[in-house]
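Just below is one structure, and these are the notes that go with it.
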There are 2 protein chains.
Amino acid sequence: MPRLNENYLNVQDSYLFAEIARRVKSYEEAHPDKAGNVIRLGIGDVTRPLTKSAVDALHKAVDEQASAETFKGYGPEQGYEFVRRAVADYYGRNGVSVDADDVFISDGAKSDTGNITELFAKDNVILVPDPVYPVYVDTNTMDGKKIIYMNGTEENDFLPMPDHSVKADVIYLCSPNNPTGACYSKAQLKEWVDYALANEAVILFDAAYEAFVSGAELPRSIYAVDGAEKCAVEFGSLSKTAGFTGTRFSYTVVPKELAFLSSNGEKMSLRDMWNRRQSTKFNGTPYIIQYAAERVFSEEGMKECMENIAYYMENARVIAETLRKKNIPFTGGVNSPYIWFKCPNGMESWELFDYLLENIQVVGTPGAGFGVNGKNHFRLTSFGTHEKTKEAMERFDRLF
Amino acid sequence: MPRLNENYLNVQDSYLFAEIARRVKSYEEAHPDKAGNVIRLGIGDVTRPLTKSAVDALHKAVDEQASAETFKGYGPEQGYEFVRRAVADYYGRNGVSVDADDVFISDGAKSDTGNITELFAKDNVILVPDPVYPVYVDTNTMDGKKIIYMNGTEENDFLPMPDHSVKADVIYLCSPNNPTGACYSKAQLKEWVDYALANEAVILFDAAYEAFVSGAELPRSIYAVDGAEKCAVEFGSLSKTAGFTGTRFSYTVVPKELAFLSSNGEKMSLRDMWNRRQSTKFNGTPYIIQYAAERVFSEEGMKECMENIAYYMENARVIAETLRKKNIPFTGGVNSPYIWFKCPNGMESWELFDYLLENIQVVGTPGAGFGVNGKNHFRLTSFGTHEKTKEAMERFDRLF
């Protein structure tokens with residue numbers, strides 16, 4: 001009889017967003033008259049369609065697949081050279097140098113941040129912020145790894161900093177952060193890089209929201225910090241940048257400088273391991289999507305993306321303005337599509353979830369779903385339409 | 001310092017097809033005059049473009065993504081209901097009953113056969129045929145699992161049968177087989193299902209080439225055998241069926257009947273575990289590709305696919321005819337796009353590889369790349385054009 005991976009018994013049954021969907025569905029069934037009234041500012045999904053560059057490129061690539069002369073079968077598992085280079089050029093335009101050879105194209109930052117756990121042995125200390133995107137915790141739990149937490153709180157603006165008394169081997173950071181919207185400064189990231197280099201730790205840096213950083217003073221990549229190439233892997237995505245949540249394209253940078261010794265003193269390159277993992281368990285991102293992504297990363301393509309991001313950031317401004325008016329403390333809303341606020345009137349986050357759903361039919365994400373430090377906080381996203389976001393915040397204004 | 005997964009030290013550095021590519025490139029550089037002459041019948045990649053149904057559907061879905069009213073963001077990680085149902089209907093038309101709820105849509109059978117190792121604990125006995133598609137061995141090796149082999153030989157027509165003295169927990173079967181082209185009969189698959197039920201083992205059944213089975217007497221799915229739903233997971237793909245090698249679409253069936261007890265006697269459902277795995281480490285297959293796949297699985301869509309398959313099978317016929325004329329023993333060539341033949345003149349497979357490349361500029365795949373039992377065998381594929389395949393076999397005819 002097969003022995004199953006019993007670590008799966010240690011992950012909670014219901015994924016956060018599934019539980020939210022369940023509660024919304026149950027409310028709508030109980031109140032059919034209100035069902036049409038529900039405004040979803042919960043899950044971080046975009047609503048703007050694909051940009052013109054992306055759509056034109058997708059059509060062109062589909063036409064290539066329709067003819068034997070231009071048909072593309074299996075591509076390189078790492079991604080086509082043309083798109084790896086486009087990602088490296090995009091980094092370059094943001095002032096960061098990345099080798100195209102260290103860029104791996106994939107189908108989602110969720111896949112990559114999850115799958116990379118395979119490269120690490122069981123007996124590592126994994127340091128994860130709380131609150132946090134649930135995937136880091138769930139994937140390490142499913143893999144039987146020991147997780148320790150660092151606290152994101154109002155006191156540190158939800159930006160936990162290194163504690164030198166803690167010896168971590170693998171560190172997850174996400175900036176701009178999901179769920180808190182908080183964004184590390186360059187000086188703060190430098191502290192993390194210094195800690196990692198001193199402790200020979202690896203930082204897994206989730207930069208999925210980098211495109212929302214405005215202005216030059218905040219870093220959009222951990223590689224903006226010198227030495228990061230010796231200690232950090234970075235994950236990027238077109239999901240929020242270009243509305244690819246249903247189209248799927250991501251990239252992971254694993255610098256060739258990242259190497260560690262095996263128990264026998266053999267030098268093991270993390271980049272080569274990731275390359276082996278992807279070559280063996282992945283067959284590449286669809287050609288048509290890589291073709292479109294290359295166009296998205298061009299200056300013209302990115303200009304169109306930034307128009308969509310500006311649209312969303314106008315929503316963030318409306319949400320932030322309402323919270324400020326009510327004297328409700330929050331992080332995010334600038335440099336991030338997320339707004340993370342303290343539940344009013346001492347409510348707990350699931351309590352506020354039900355309260356908002358029942359009274360104003362606004363769906364958000366309870367902070368408790370992201371960790372114990374989220375117990376009294378709540379996440380709203382700016383990915384709705386202007387009309388719905390404005391309407392939601394007017395209802396919120398009347399409620400409190 | 002992070003401890004890395006040292007099982008990676010146990011997988012060979014060079015993936016089979018990378019080594020082939022290296023040798024071909026080196027030959028072409030040394031003989032620039034012959035480079036244009038090389039015919040590739042090695043890697044199992046298709047050459048026919050996407051079908052009209054697929055192309056039309058892709059364009060339509062791209063247009064949906066261009067408008068806010070029809071835009072699709074995150075879809076269900078398991079795949080859209082419409083395409084899970086299309087897969088179940090496709091099974092139904094082939095006389096097999098599968099619950100759409102047990103169908104999981106993904107981006108490749110390579111991903112899924114690789115990722116499913118995560119559901120099993122380390123201390124299982126993994127039974128793998130030799131010769132075999134390298135991914136089963138590599139992924140289990142990277143995961144530190146104990147693999148035992150069963151021999152595919154000329155004596156058993158490369159269709160190893162259960163050995164009741166061997167107690168396996170997880171069994172990999174691939175039929176029609178890659179690389180040997182051999183195809184299990186229903187009676188033979190029933191022996192495997194009986195073995196698995198008697199030993200409470202799980203069969204991981206790779207059916208990626210099922211569409212090449214012609215005639216009703218051979219099973220296209222392990223679920224054609226009663227009881228298989230209690231012991232078998234099945235992997236399917238559009239890569240070879242619909243030319244999706246560069247477009248990426250696969251499906252995995254994990255029947256809800258598949259459950260095993262944990263060490264504490266807790267019932268664990270393999271389907272629920274796979275659901276958890278995919279929900280946590282995967283964000284779904286691109287919407288536009290799922291939309292196209294649904295059309296491909298329709299009766300009209302599949303009719304177009306079968307025209308391409310008939311085209312390839314004509315190549316298989318040409319290859320088989322040449323081998324028969326030369327009295328070279330082989331398997332496959334019917335019910336499979338692969339032809340697996342014994343190297344002539346007592347040659348070993350890499351020796352034949354170099355011999356064919358140098359003398360007639362035909363690239364095939366050395367059997368040794370698939371396991372020790374492939375040492376004296378060689379794989380050709382029928383995925384070339386009629387012209388190139390005919391030309392390759394004329395050269396072969398003149399050489400021997």
Side-chain angles (χ1 to χ4, degrees), chain A residues 1-6 8-9 11 15 45-50 55 58-59 62 65-68 71-75 107-108 110-111 114-115 118-121 123-124 135 138-139 142 169-170 200-202 245-248 260 262-263 266 268 273 276 279-283 286-289, chain B residues 1-6 8-9 11 15 45-50 55 58-59 62 65-68 71-75 107-108 110-111 114-115 118-121 123-124 135 138-139 142 169-170 200-202 245-248 260 262-263 266 268 273 276 279-283 286-289:
Chain A
M1 193 176 85
R3 262 72 55 189
L4 300 186
N5 178 352
E6 297 189 10
Y8 273 65
L9 295 171
V11 281
Y15 188 62
D45 200 356
V46 297
T47 51
R48 308 285 296 162
L50 296 189
V55 168
L58 284 168
H59 279 306
V62 169
Q65 293 296 65
S67 154
F71 176 76
K72 299 282 188 308
Y74 290 122
D107 67 319
K110 188 179 173 191
S111 307
N115 291 332
E118 293 175 31
L119 305 193
F120 300 100
D123 54 341
N124 283 295
V135 166
D138 288 354
T139 56
M142 287 154 68
D169 302 303
V170 180
E200 294 188 85
V202 174
T245 50
T247 304
R248 317 301 315 138
F260 299 92
S262 77
S263 48
E266 210 164 330
M268 295 180 77
M273 288 177 75
R276 190 54 155 97
S279 303
T280 307
K281 299 196 187 182
F282 185 58
N283 236 330
Y287 168 71
I288 54 181
I289 289 167
Chain B
M1 193 177 84
R3 262 71 55 188
L4 300 185
N5 178 353
E6 298 189 10
Y8 273 64
L9 295 171
V11 281
Y15 189 61
D45 200 357
V46 298
T47 51
R48 310 282 298 161
L50 296 189
V55 169
L58 285 169
H59 279 306
V62 170
Q65 294 295 66
S67 152
F71 175 76
K72 300 282 188 307
Y74 290 122
D107 68 320
K110 188 179 173 189
S111 307
N115 291 333
E118 293 175 31
L119 306 192
F120 300 100
D123 56 341
N124 283 295
V135 165
D138 287 354
T139 56
M142 286 154 69
D169 303 304
V170 179
E200 294 188 87
V202 175
T245 51
T247 304
R248 316 300 315 140
F260 299 92
S262 77
S263 48
E266 209 164 329
M268 295 179 79
M273 287 176 76
R276 190 54 153 96
S279 304
T280 308
K281 298 196 189 184
F282 184 59
N283 235 330
Y287 168 72
I288 55 179
I289 289 168

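Proteins get letters first, then strands, A, B, ... in listed order; numbering begins at 1 in each. Model, not experiment: these values are computed from the prediction. When reading the values below, keep in mind they use all heavy atoms of this one structure, side chains included, and skip hydrogens, waters and symmetry mates.
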Looking at [options], which one has more heavy-atom pairs under 4.5 Å with chain B than the rest?
options                               : result
A:Gly246, A:Pro2, A:Ala121, A:Gly114  : A:Pro2
A:Ile288, A:Thr280, A:Leu58           : A:Thr280
A:Tyr74, A:Phe260, A:Tyr287, A:Phe120 : A:Tyr74

Review point. So which of B:Asn115, B:Asn283, B:Leu50, B:Val62 has the largest heavy-atom pair count under 4.5 angstrom toward chain A?
Key: B:Asn283
Check your understanding: With chain A, which of B:Val46, B:Leu119, B:Thr247, B:Val55 has the greatest number of heavy-atom pairs at distances under 4.5 Å?
Key -> B:Leu119
Review point. Just by distance, do the side chain of A:Lys110 and the backbone of B:Phe282 share a donor-acceptor pair under 3.5 Å?
Key: yes
Can you say whether [X] sits under 4.5 Å from chain B via the side chain, the backbone, both, or neither, judging by heavy atoms?
X        : answer
A:Asp107 : side chain
A:Ser279 : backbone
A:Lys72  : backbone
A:Val170 : side chain
A:Ser262 : both

Check your understanding: Is chain A contacted by the side chain of B:Asp45, its backbone, both, or neither, given a heavy-atom distance below 4.5 Å?
Key -> both
Quick one: pull up [atom1] in [X] and [atom2] in [Y] and give me the separation to the nearest 0.5 Å.
X        : Y        : atom1 : atom2 : result
B:Thr139 : A:Glu118 : OG1   : CD    : 9.5 Å
A:Arg3   : B:Asp169 : CZ    : CG    : 4.5 Å
A:Leu4   : B:Met268 : CG    : CE    : 5.5 Å
A:Arg248 : B:Ile289 : CZ    : CD1   : 11.5 Å
A:Met1   : B:Asn124 : CE    : CG    : 9.5 Å

**Study point:** Counterpart residues, salt bridge (charged side-chain N to carboxylate O under 4.0 Å, His left out), relative to A:Asp138 (two or more places apart)
**Key:** B:Arg276
Practice item. Specify the closest pair of heavy atoms between B:Ala68 and A:Pro49, including all atoms of both residues, with the distance to one decimal. Key: N-CG, 3.6 Å
